[in-house]
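Report on the structure given below.
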Amino acid sequence: MPARNILVINCGSSSIKFALVNEAQEPFPLSGLAERLGSPEAALHWQQGETRDSLMIPGADHRLALSQLLPLVQRAAGGELHGIGHRVVHGGERFTAASRLDEISLLAIRQTAPLAPLHNPANLLGIEAAMKLFPNLVQVAVFDTAFHQTLPEYAYRYAVPQALYREHGVRRYGFHGTSHRYVSRRAAELAGLAVGDSSWLVAHLGNGCSTCAIVDGQSRDTSMGLTPLEGLVMGTRSGDVDPNLHSHLARALGWSLEQIDSMLNKDSGLLGLSGLSNDMRALEQAREQGHTGASLAIEVFCYRLAKSLAAMSCALPRLDGLVFTGGIGENSPLIRSKTVDHLRLLGLHLDQPANARCVRGVAGAIQADGSPRVLVVPTNEERQIALDTLALLDA
Ligand code: ADP
């Protein structure tokens, strides 16, 4: 059977990220982004091999952008497109794995929208447009939350009245599941261990950041909760704060819920702490030049990350390794080093030359002799979504 092609789509409210994944090839034959959809500046950007190109598509909505994409995809796939995998942020308790899209699963995704009001409706725009444009292709939804449905109840319940969980779904769900699953499997491969008998701590550090404890291929705890705001310090998100901060700001400063939400999600994290940037590269450069806000943001980021990893270790029977992934995890020897410095009680130490070598897509082990493994593993959510889509095609 010739190698199959899967189109992977990740829809935001005004953007579509896409990648054509071929099951036998490492680089994607085609990838790109449609952005500013619904505005006069709407544009499609793509990369095919070494070639980059753009097309203005003024006023285009999701459907029009996808229809412009269609000939590019067909050409790059040699006319052989086998399925479409859609990233969906929230699958609630209904989805414990990827699911073929049909009327029933679409309804369930719509019903989950109140849990992710910013994300699921945007994901649905892309799904509905793609189902109209490609009615004969198998289409699959892959959920950020599904991997974490194996959390034990004592890890996913909040200590709030039962009725909030039973009647309104207030619990911890976790996100970044596709990435945590992909890198924990790659880590087992790199270490020569069976996924089904391995035990990992994973730190996914991109613009959003989360940790995960993974035992025998299953998520046992994770730092994000009901929403992707809980847990670590992120680019612009605060992560954990005192839950009374909302009422304090409302009473003391007269802030509205919308103002507080926006502050915690968009003005906090690395950006809020540094007063400079949400971008770790920019902060590392500013720190070198003596910027105190950038130094503090980096210190808080690493300490809070280490604290979360230490907490996650409660869910492991033993530690086969700590895995760093995401833009920061894959590229920042400084952040890895500062974080591991706080984890001496887990016996972790780095080999600094190895730590320095693992950047820009280079995977590898970076621990010192005598330390449990510390691995850098580039994530690849698009490939994982394509693999899940292929698995359902074969089922
Ligand atoms: P997203 O979550 O949007 O997919 P990424 O995984 O691409 O984001 O991660 C983005 C983050 O990675 C940014 O903070 C960026 O500064 C950081 N990053 C990328 N390269 C480096 C680097 N060489 N050193 C430090 N941080 C880096």
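Order of listing sets the numbers, starting from 1, for every ligand and every atom in it.
Taking only nitrogen or oxygen atoms, main chain and side chain alike, E284 does not reach within less than 3.5 Å of ligand 1. Polar contact with ligand 1: absent for H204 (N/O pair, distance under 3.5 Å). Residue G327 has at least one nitrogen or oxygen atom sitting less than 3.5 Å from a nitrogen or oxygen atom of ligand 1, judged on distance alone. Between I328 and ligand 1, at least one N/O pair is under 3.5 Å apart. On a distance-only criterion, L205 and ligand 1 share no N/O pair closer than 3.5 Å. Where the criterion is an N or O separation shorter than 3.5 Å, residue side chain and backbone included, D279 meets it with respect to ligand 1.
The number of heavy atoms from other shown groups lying within 6.0 Å of NE2 (H248) does not exceed 12. Atom CD of E153 has more than 12 neighbouring heavy atoms from other residues, nucleotides or ligands inside a 6.0 Å radius. The number of heavy-atom neighbours closer than 6.0 Å to CZ of F134, taken from other residues, nucleotides and ligands shown, is above 12.
Judged by a 6.0 Å distance limit and a 45° cone about the ring axis, R171 is not positioned over the six-membered ring of Y165.
Neither the backbone nor the side chain of R360 has a heavy atom within less than 4.0 Å of ligand 1.
A donor-acceptor contact shorter than 3.5 Å links the side chain of S223 to the backbone of T211. A donor-acceptor pair under 3.5 Å links the side-chain atoms of D240 to the main chain of G231, judged by distance alone.
Counting protein heavy atoms under 4.0 angstrom from atom 4 (O) of ligand 1 gives zero.
The nearest heavy-atom contact from the protein to atom 2 (O) of ligand 1 is N207 N, 2.9 Å.
Annotation: H90 is in aromatic contact with F175 [ring centroid separation under 6.0 Å].
Near N331, meaning under 4.0 Å from one of its heavy atoms, ligand 1 places the atoms 20 (N), 21 (C), 22 (C), 23 (N), 24 (N). Listed by number with element, the atoms of ligand 1 under 4.0 angstrom from any heavy atom of S332 are 25 (C).
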